[in-house]
Structures are given as C-alpha cells and as structure tokens.
Amino acid sequence: MCERGVFLWAINRGKSRVSEQYDPQTLQAKWQRRWEELDLFRAEDSPEDPRPRKYMLDMFPYPSGDLHMGHGEVFAIGDMLARYWFQLGYNVLHPIGWDSFGLPAENAAIRRNAHPAEWTYANIETQAESFRRYAPSFDWSRRLHTSDPEYYRWNQWLFNRFYERGLAYRKGGLVNWCPNDQTVLANEQVVQGKCERCGADVVRRELTQWYFKITDYADRLLDDMAMLEGGWPERLLTMQRNWIGRSTGADVLFEIEGRDEPVTVYTTRPDTLFGATFFVVAPDAPLAERICAPDHREAFEAYRSEVAKLSDIERLSTEKEKTGVFLGVHAINPVNGERLPVWAADYVLSDYGHGAIMAVPAHDQRDLDFALKFGLPVRVVVHTGMADPGETGTATAGDGSMVNSGPIDGLSKEEAIAKIIEILAGEGKGRAAVNFRLRDWLLSRQRFWGTPIPIIHCPDCGEVPVPDEQLPVVLPDMRGEALAPKGVSPLATATEWVNVDCPKCGGAAQRDTDTMDTFVDSSWYFLRYCSPGYEGGPFDVEQVRKWGPIDQYVGGVEHAVLHLLYARFFIKVLYDMGMIDFYEPFVRMLNQGQVVNMGKAMSKSLGNGVDLGEQIDNFGVDAVRLTMLFAGPPEDDIDWADVSPGASQKFLARALRVMTEAGAGTPPGASPEGGDLALRKVTHRTIDEVTKLLDSYRFNVAVARMMELTSAARKAIDSGPGASDPAVREAAETLAVMLSLATPYTAEEGWERLGRPVGIGRAGWPKADPALLVQESVTCVVQVAGKVRDRLDVVPDISEADLEALALASDKVKAHLSGAAPRRVIVRAPKLVNIVP
RNA sequence: GCCCCCGUAGCCCAAUGGCAGAGGCAAACCCCUUAAAAGGGUUGACGUGUGGGUUCGAGUCCCACCGGGGGCACCA
C-alpha cells in the first residue's frame with residue numbers, strides 16, 4: 001500500500017508527457033488575461049436587473065502562505081456551483097476576501113521584527129495571484145480584508161450595539177488560558193482540553209474578560225435548526241445540538257444547616273429526590289468556600305488547591321477515580337427533611353447549573369461511584385427490575401416505578417417528575433428549569449493583531465463605549481519584539497494609545513487593551529460583501545435584504561461549533577436589531593472532505609505534503625480542478641495517492657481534440673437538426689442527467705457523464721458520421737459549456753476553436769430537447785422466479801397488460817414454466833416482468 | 001461506554017427495491033507506427049464485509065456481528 005502510494009505520488013510529481021499536445025500553461029496565460037478584461041462574474045446590485053439572485057459563498061481563507069490543496073478542493077467545488085448558476089442565468093454573488101487578523105501573522109512579525117500587516121498583506125497578494133490563476137468565478141470588486149480599519153471599524157460598531165443591548169459584558173471568573181499562545185480562549189476553541197489552534201494543554205485562570213451573551217440565544221440557536229434540516233449535513237446539526245446541550249429538569253432549593261440562605265441545585269431527575277443521600281458542590285465554586293464549616297476548612301482548601309493543579313484533560317477524564325472532601329455541614333432534603341452530608345468533589349463543575357448537585361447514587365453512575373468510594377448510603381427509589389446498584393456498582397438510570405418516595409410512589413418517571421415539580425413549586429422550594437451546556441462566548445484576547453475592543457475605562461464613569469463617530473479605534477503601530485506575549489495584551493504597553501480622555505466626562509481614562517476574538521470578523525463578513533464600500537454601517541440593509549441569505553455555503557466541518565455557531569448567533573442578534581429579515585444565514589451548507597496523501601493528513605513531519613502550486617505547474621489548473629471534483633463525492637476525503645491528475649489532463653486533451661475537430665467540421669450556428677440521431681440523443685440525455693446531478697452535488701458522476709459524451713463524440717468522428725456532422729458540433733458545444741464549470745481554460749479554448757466568441761462562462765446552460773430523451777425501444781427483462789430468462793424490445797409506453805401477454809408468450813419463459821400456469825405475474829412496465837411459477 | 005456514517009472489481013468510485021458496472025486508475029491484448037511515445041480500441045465480479053430476516057425480487061429495507069471513519073463522553 002505504502003510503496004504503491006509512493007510510486008503513484010512520484011508519477012504525480014513528474015512532468016506530464018501529454019504536454020506536447022495539450023499545454024495547459026499556455027492556455028492559462030492566454031485566457032487569464034482576456035478574462036480579466038472581460039470581468040464576466042460581477043454581481044449586479046441594481047434592482048433593475050431582472051435576473052433572480054443567488055448567493056454562493058466559500059469560506060474565506062486565512063492568509064497563512066500560499067493556497068494549499070484544501071483550498072484547491074473547496075474552491076473547485078464552490079466554483080462548480082457558482083458557474084453552474086451563472087450558466088443558468090442567475091445574478092450570482094460569488095465574492096472573495098481574507099480572514100486576515102490572527103495569531104500566525106503576529107508570531108511571524110515577532111520572529112522577523114516586522115509588523116504583522118507586512119506578512120499578512122504579502123500573503124494575501126500571493127494567494128490572490130494564485131486565485132487568479134485557479135480561476136474561480138469571483139466578483140473581485142467586493143474583495144475585503146478583515147484587518148483593514150474600514151472593516152474592523154464595523155466590528156467595533158457592532159460591539160457597541162451588542163453592548164447597548166446587554167449582549168456584551170465583562171465578568172470575572174475562571175477562563176481557559178493557552179500558555180503557548182498567551183491568551184484566553186472561548187470554550188469552542190478548547191478541544192479535549194487542548195488549544196484548538198496550537199494543541200497546547202489549556203489551563204484555568206481567574207480573569208475578568210469580555211463576553212458575548214450567546215446563551216441568551218441558546219433556545220433559538222437550537223430550535224431554528226429545524227429550518228436547516230435537509231440543507232445542512234446531519235452530522236453538523238448533531239454537533240451543534242450536542243454543543244448547545246439543552247436539558248430539562250428542575251431547580252430545587254436545599255436549606256443548609258446553620259445558614260439562612262438556601263442553595264439551589266439543578267437536576268434532570270427530580271423524581272429521584274427521595275433517593276438523595278448526599279450533596280456535592282464544586283470545589284472551585286464560591287459556594288463551597290462560603291458553606292464550608294470552619295473545622296473542615298483546612299482539608300477543603302488542601303483539596304481545592306489539589307484540584308486546581310489538574311489540567312482540564314485530567315479533571316474531565318471519565319476514567320479518573322472520584323475524589324472529594326466532606327465540608328462538615330449538612331443540607332436538608334426539602335421533601336423529607338433528611339440531613340444530607342455536603343461534600344466538595346471535582347466531578348461537579350462550577351460553571352454548569354448552580355455548581356452544586358443532589359447526589360442520588362442508586363440512579364446516577366457518577367454519584368454511585370462516589371458513594372461506593374466514600375461509604376455513603378445508596379437508596380433505591382425507582383424500581384426498574386434491575387439488580388440493586390449498591391451491590392452491583394451499576395446505577396439504574398432507566399424508567400420504572402417509584403418506591404420509597406412518599407407521595408410519588410407507584411408513579412412512572414414522567415409522572416413523578418411532573419408531580420414532584422408541582423409539589424416543590426407549591427411550597428416555593430423548586431420549579432421546572434432548563435439548562436444548557438453552551439456557555440457565553442469569551443471575546444477578549446490578549447494579543448495584538450485583532451480588533452481593539454472599543455471601550456474606555458474611566459475612573460469616574462466606568463466602562464464607556466467609544467462613540468460611533470470616533471470609530472474605528474485603530475491599532476497603534478507596533479512591531480517585532482513589542483508584540484511578544486507577556487500575559488497581558490501588547491496594547492497595554494502602547495502608553496500613548498492607551499491613555500485617552502473619557503468620552504463622557506473628559507477626564508483621564510484608559511482604553512481597553514484586549515482585542516476581539518477573530519471569530520467576530522467572520523461572523524458577519526458575508527453581509528459586508530453585499531455592499532463592500534458602504535460607509536453608513538456594517539452593511540447596506542437594503543442590499544442584504546436582496547442578496548441574503550446565502551443560498552450555498554461551502555467549507556470545512558472543523559467550524560461546526562465555531563464559526564458556524566457564532567455566525568448564526570450574529571444573524572439572530574441582527575435580526576432582533578431589525579437590520580436583516582432572515583433567521584438563518586446559510587440555507588444550504590456543504591462540508592467538503594480533506595485532501596490527504598497516502599492515507600494520512602499531509603504534514604511536514606510525515607513528509608507527505610503535496611503542493612497545490614506544484615500540481616498546477618505539472619498538470620495545469622484544469623486537470624487539478626477536475627481531479628478534485630472527479631475523485632468522489634465532495635464530502636469524502638480525497639487521497640491524492642489514489643487519484644490521477646495526469647489522467648485528468650489526458651481526458652482534457654481528448655476533449656479539446658473533439659472540440660477542435662468539431663469546430664473545423666462545421667461552422668458555428670449550424671443547425672443540429674438532421675444531424676446524427678444517435679449522437680444527438682446521447683448529447684441530450686447527458687444534458688438532462690448532468691443537470692440533475694449538479695442539482696444534487698453529484699459532481700463526480702456529472703464529470704463521468706461528460707467523459708461519456710466525449711467518447712460518444714470521438715466515436716462519431718472516427719467511426720460514425722464524421723466531424724462534419726452537425727450533431728458532432730452540438731455535442732462538442734454542449735461539452736464545452738459543461739466543462740466550463742470545472743475546467744474553464746480548456747472549455748474556453750475549445751469554445752474559441754468552435755468559432756464562438758470569448759466568454760464561455762456566461763454562454764448559457766444547454767436545454768435538453770424532450771423529444772430526444774424518449775427512447776423508441778426499451779429492453780424489458782423477463783424474470784422467472786427472480787432469474788432473468790429473456791429480454792424483449794418493447795416501446796416505452798407499452799401497457800402492463802400487453803407486456804404481460806408478450807412476456808408469457810416468450811418461448812424461453814414457456815420453457816422455464818414447463819407448461820404450468822404462473823402463480824403470479826409482477827409487471828413493471830416497460831422495464832421488467834417477473835413471473836412467479 | 002453511547003450515538004451517527006461507511007464497507008461494491010487490484011484501486012478511486014456508479015447503480016428511483018427491478019439485468020451488479022456508468023466513469024476513471026492500474027493490468028492484459030489489439031490497431032496505428034520502421035520503432036517508441038502520443039493516439040484509437042477490446043477485455044473484468046459466480047455476487048456487493050459476515051450471518052439472518054422482510055419481499056415476487058435486496059448492493060439498496062430491518063436485525064445481529066465484524067471492519068473503517070466521525071461525533072459525544074463526570075453537563076447532574
């Protein structure tokens with residue numbers, strides 16, 4: 001396997017031998033220039049334009065060097081759809097821009113003693129050049145960079161709006177800190193306890209930080225997913241649902257002996273309240289500190305500092321033994337007055353629910369593990385028919401009938417939950433409650449290359465937003481060593497920039513020195529494309545109304561609970577602000593697979609990297625794009641060792657020859673009427689099928705159909721009516737337009753050789769003639785007992801009765817029936833008859 | 001541990017419950033050629049991971065298992 005992979009890879013890297021006949025580099029040089037003059041793919045904002053609109057969006061790139069194979073795939077897929085819509089006559093918005101704030105630029109700047117902008121904009125230019133060669137149908141006039149002050153100004157403007165609505169706020173608490181990147185991270189950026197960017201172990205720190213109140217929208221983020229059903233990949237929806245993690249249950253109030261204030265716990269199983277035998281608080285919650293008995297304080301504090309040392313991965317491991325300490329106090333069970341010992345244990349999280357739980361060991365595995373370890377009682381209150389958890393060590397979490405539970409004895413789980421909530425509510429000791437796994441979006445970053453948070457801290461007025469008319473708050477000019485991470489934002493050292501007058505009272509004040517998470521930038525960039533130069537706001541409301549929402553979004557699944565969640569949140573806030581009129585930003589979403597090599601993700605350490613530019617140099621843009629599309633379904637991974645850009649190139653050479661010969665055979669405009677009927681039928685059937693295939697993302701199959709059409713035309717030229725038959729021209733022109741979606745250079749060259757004017761990208765999608773789609777005869781399979789025994793040529797609209805009679809009259813059928821009358825005959829006209837003897 | 005997706009030719013992949021093969025790679029052979037390359041053409045499953053089931057009919061639907069991939073996983 002490996003050897004074969006290396007071998008194929010070696011071939012893929014070699015210069016192709018078809019280059020003498022078909023030279024992609026020449027075609028690229030020739031057409032790229034002429035297309036730039038033509039500017040075919042500009043989206044038209046004018047309301048006068050009668051064409052229906054479509055918005056096609058590819059996730060915009062981060063400028064970390066040149067384009068790579070992954071970009072090659074996304075943009076090949078996105079462009080296939082965009083160009084298809086152009087050919088269908090839509091007014092298509094297909095923009096491009098750069099997600100150009102972020103850490104790599106800053107790290108590069110520190111290394112090179114430069115400004116992050118130098119690295120960033122140099123890379124953007126490199127990528128832009130590569131894009132021009134790769135030839136996606138972008139409307140370049142809408143290009144944007146999120147690191148431009150004209151763009152991030154609106155991040156600040158939006159921050160102010162969020163702030164006004166109480167959706168941006170500052171709070172202290174434990175946050176995720178990446179010791180490598182020297183900044184805090186949002187929950188979404190911590191994967192398995194590690195930094196999503198750099199993989200370093202994330203630690204907890206107590207810091208005051210800015211948040212966006214995404215939890216206010218948790219219900220809508222979850223419920224509105226019903227609208228995305230069918231348009232989004234199911235697994236993406238599942239990931240978001242899991243991430244939001246809504247659960248329903250009850251808040252229950254417990255008195256603590258010796259304290260006036262009750263403590264609230266959240267539980268999804270209020271029905272098991274009579275089974276509570278102890279009480280647990282999170283050691284790092286302020287509550288634990290408050291209620292701990294003085295004579296247990298020492299042990300508690302020792303335990304707490306022990307827990308604080310653990311990394312998230314260690315603490316969250318399900319394998320880990322339960323630990324905890326008794327706090328020397330008791331809670332009172334509100335339903336039966338029982339005294340429950342209160343423990344602190346790290347399996348209870350401080351930031352979920354209320355940081356405290358009632359423990360029901362019989363019916364919760366975690367509580368049971370803890371009870372068994374510390375010798376706490378186990379009381380069964382749900383009779384499930386399973387063995388006693390106290391004996392088996394396996395908690396019974398299922399449904400059953402309530403026992404040992406006073407007023408709810410005998411009830412089922414559902415009934416008991418309703419009843420107990422009713423009882424608690426009646427006594428003011430509890431109520432139904434909903435909880436979410438989703439936390440607020442931690443927004444601040446202690447790094448330089450991002451949007452400054454537009455807040456001024458005034459000793460007298462407190463937090464004062466920078467007035468809109470003073471935006472943007474532009475980053476100070478800092479470079480090199482000054483940007484090195486120090487645990488606080490580099491902006492804090494820019495004294496001149498930091499010290500300002502308070503906009504409210506005019507007194508001495510200081511700017512907030514953190515920058516925004518760069519996911520703010522990408523949460524609304526697709527709205528900016530609708531009116532890129534607009535100065536009256538982040539976007540022209542009218543234009544977004546016309547272009548939005550996005551009909552098709554293409555990008556990687558790695559943003560499932562990052563960008564895609566944040567953007568949905570932004571859209572809902574903007575909807576509430578009355579700025580847009582749709583609920584969801586992305587109607588349809590496609591996650592392309594990864595491009596890998598030899599079964600593994602490409603990486604420097606494996607030495608299996610494949611360079612997009614090199615592939616293009618060797619095989620040409622068209623062959624690379626075609627290979628991406630033909631390799632398999634778009635959502636599948638492509639193993640570059642399994643595919644053959646060289647073969648794609650050979651196919652394109654073959655297709656171009658067909659177009660060349662057809663162009664020489666007949667003049668443009670020749671009517672295909674009277675041309676070779678068999679070829680015409682192939683052409684029209686191909687149109688019909690490819691159209692349907694493209695409508696359902698079946699690009700690989702669509703390309704296969706184009707190959708078949710090419711072969712059919714080749715055959716017609718060589719051993720059929722010859723190149724001068726008008727049906728050959730029809731086939732070649734159809735082929736050219738279809739190929740233009742995937743391989744624009746070859747298609748344009750062929751189009752020219754067919755005598756057509758430059759601009760195949762807008763030539764128009766061919767229409768299948770229904771008259772040429774009907775077959776005058778169909779092969780009908782006749783089965784006896786499910787086995788094929790005969791084939792009949794029949795007219796497609798044959799009646800069931802006629803077909804049955806015909807089938808039963810067949811000699812072969814008669815032979816297999818050997819005279820017996822059939823028991824049953826299933827007729828599926830015109831394709832099949834099955835006779836059950 | 002729980003949930004989801006996928007197993008079709010040596011390989012990548014097609015096939016509204018109706019003849020297992022559309023397309024490509026690789027291979028073998030043929031034509032073209034002085035020869036090679038380029039070009040043109042021909043050839044492929046004894047049954048769809050395994051075992052059951054539903055059905056007139058199953059790659060397709062259902063159940064179990066095996067193998068691969070992904071998601072979630074102390075969230076009370």
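Just so we're on the same page: letters track the sequence lines, and every chain starts at 1. Values reported hereafter were calculated over all heavy atoms of this structure, with side chains retained and with hydrogens, waters and symmetry mates removed.
Protein atom CE of A:M598 is 16 Å distant from nucleotide atom P of B:rC12, rounded to whole Å. As rounded to whole Å, 16 Å separates atom P of B:rA73 from atom CZ of A:R241. Atom C1' of nucleotide B:rC5 and atom CD of A:Q594 are separated by 16 Å, given to the nearest angstrom. In this structure, the CD atom of A:Q649 is 10 Å from the P atom of B:rG39, given to the nearest Å. Rounded to whole Å, atom C1' of B:rC74 lies 12 Å from atom OH of A:Y352. In this entry the distance linking CG of A:D637 with P of B:rC12 reads 13 Å, nearest Å. Spacing between atom CG of A:D639 and atom P of B:rG68 amounts to 17 Å, rounded to whole angstrom units. In this structure, OH of A:Y22 is placed 20 Å from C1' of B:rA37, rounded to the nearest angstrom.
Side-chain proximity of A:N700 to the nucleotides B:rA14, B:rC11, B:rG23 is greatest for B:rA14. Out of B:rA76, B:rG39, B:rA22, the shortest distance to the side chain of A:D364 is found at B:rA76. Distance from the side chain of A:R791 is smallest to B:rC19 among B:rC19, B:rG71, B:rG39. Of the candidates B:rA14, B:rG40, B:rG24, B:rG24 carries the atom nearest the A:A647 side chain, counting heavy atoms from C-beta on. Nearest to the side-chain atoms of A:F630 among the listed nucleotides B:rG18, B:rA76, B:rG24 stands B:rG24. Nearest nucleotide to the side chain of A:D636, out of B:rA22, B:rG39, B:rC13: B:rC13. Considering only side-chain atoms of A:D346, the nucleotide from B:rC72, B:rC74, B:rA14 that sits closest is B:rC74. In this structure, the nucleotide among B:rC25, B:rA76, B:rC56 sitting nearest to the side chain of A:V836 is B:rC56. Among B:rG24, B:rC74, B:rA76, the nucleotide with an atom closest to any side-chain atom of A:K322 is B:rC74. Closest to the side chain of A:T267, from the set B:rA76, B:rG40, B:rC12, is B:rA76.
The gap from the P atom of B:rG49 to that of B:rU8 amounts to 6 Å, rounded to the nearest Å. Comparing B:rG59 with B:rG53, their P atoms are spaced 15 Å from each other, to the whole Å. On the C1' atoms, B:rG17 is 12 Å away from B:rU54, given to the nearest whole Å. Rounded to whole Å, the separation between the P atoms of B:rG41 and B:rC13 comes to 26 Å. With both ends at atom C1', the span from B:rC19 to B:rG47 equals 13 Å, rounded to whole Å. Nucleotides B:rC29 and B:rG23 have their P atoms positioned 22 Å apart, rounded to a whole Å. Distance check on atom C1': B:rA14 versus B:rA22 gives 6 Å, rounded to whole Å. For the C1' atoms, the distance linking B:rG57 with B:rA20 amounts to 14 Å, nearest Å.
Using a 4.0 Å heavy-atom cutoff across all strands shown, A:R654 reaches sugar-phosphate atoms only and no base atom. No engagement by A:T238 is indicated, since no non-hydrogen atom pair under 4.0 Å with the nucleic acid exists. In this structure, A:Q783 reaches the bases: a heavy-atom distance under 4.0 Å links it to at least one base atom across the strands shown. A:V348 comes within contact range of at least one nucleobase, with a heavy-atom separation under 4.0 Å. A:R439 comes within contact range of at least one nucleobase, with a heavy-atom separation under 4.0 Å. Across all strands shown, A:S719 has no heavy atoms under 4.0 Å from either base or sugar-phosphate atoms. A:V788 comes within 4.0 angstrom of the backbone, heavy atoms only, and of no base.
Between A:H563 and A:H559, the two ring planes are perpendicular [angle over 60°; tilted spans 30° to 60°]. Between A:Y352 and A:Y266, the ring planes lie perpendicular to each other; the angle is over 60°, past the 30° to 60° tilted range.
In this model, no side-chain donor or acceptor of A:K831 finds a partner on the base of B:rC19 within 3.5 Å. For A:R235 against B:rG70, a side-chain-to-base donor-acceptor contact under 3.5 Å is absent. For a distance-only test at 3.5 Å, the side chain of A:N834 qualifies as a donor-acceptor partner of the base of B:rC56.
Comparing A:D351 and A:V191 along RNA chain B, the residue whose closest nucleotide (by nearest heavy atom) sits nearer the 5' end is A:V191. In terms of position along RNA chain B, the nucleotide closest to A:P633 lies nearer the 5' end than the nucleotide closest to the other residue of the pair A:P633 and A:N242.
Looking at heavy atoms from C-beta onward, A:M589 lies in side-chain contact with A:L564 at the 4.5 angstrom threshold.
Note on A:R698: a side-chain N or O is less than 4.0 Å away from OP1 or OP2 of B:rA15. Considering only side-chain N and O atoms, A:R714 lies nowhere under 4.0 angstrom from the phosphate OP1 or OP2 of B:rG41. The phosphate of B:rC19 has neither OP1 nor OP2 within less than 4.0 Å of any side-chain N or O from A:T779.
If you check B:rC72 for Watson-Crick or wobble pairing at under 3.5 angstrom, you find it paired to B:rG1. Base pairing of B:rG51: its partner is B:rC63, meeting the Watson-Crick or G-U wobble criterion (both donor-acceptor distances under 3.5 Å). Base pairing annotation: B:rU33 forms no Watson-Crick or G-U wobble pair, as no partner gives both donor-acceptor distances under 3.5 Å. The pairing partner recorded for B:rC25 is B:rG10, the criterion being a Watson-Crick or G-U wobble arrangement whose two distances lie under 3.5 angstrom.
A:R654 and A:S711 share a side-chain donor-acceptor pair at under 3.5 Å. A donor-acceptor pair shorter than 3.5 Å cannot be found between the side chains of A:S247 and A:N435. Side-chain contact check for A:T660 and A:R753: at least one donor-acceptor pair (N or O, by modelled atom type) lies under 3.5 Å.
A distance-only check finds a donor-acceptor pair linking the side chain of A:Q365 to the backbone of A:A395 [under 3.5 Å]. Checked by atom type and distance alone, the side chain of A:N597 never pairs as donor or acceptor with a backbone atom of A:W640 at under 3.5 Å.
Geometric assessment of A:K322 against the ring of A:F370 yields a negative cation-pi assignment under the 6.0 Å and 45° thresholds.
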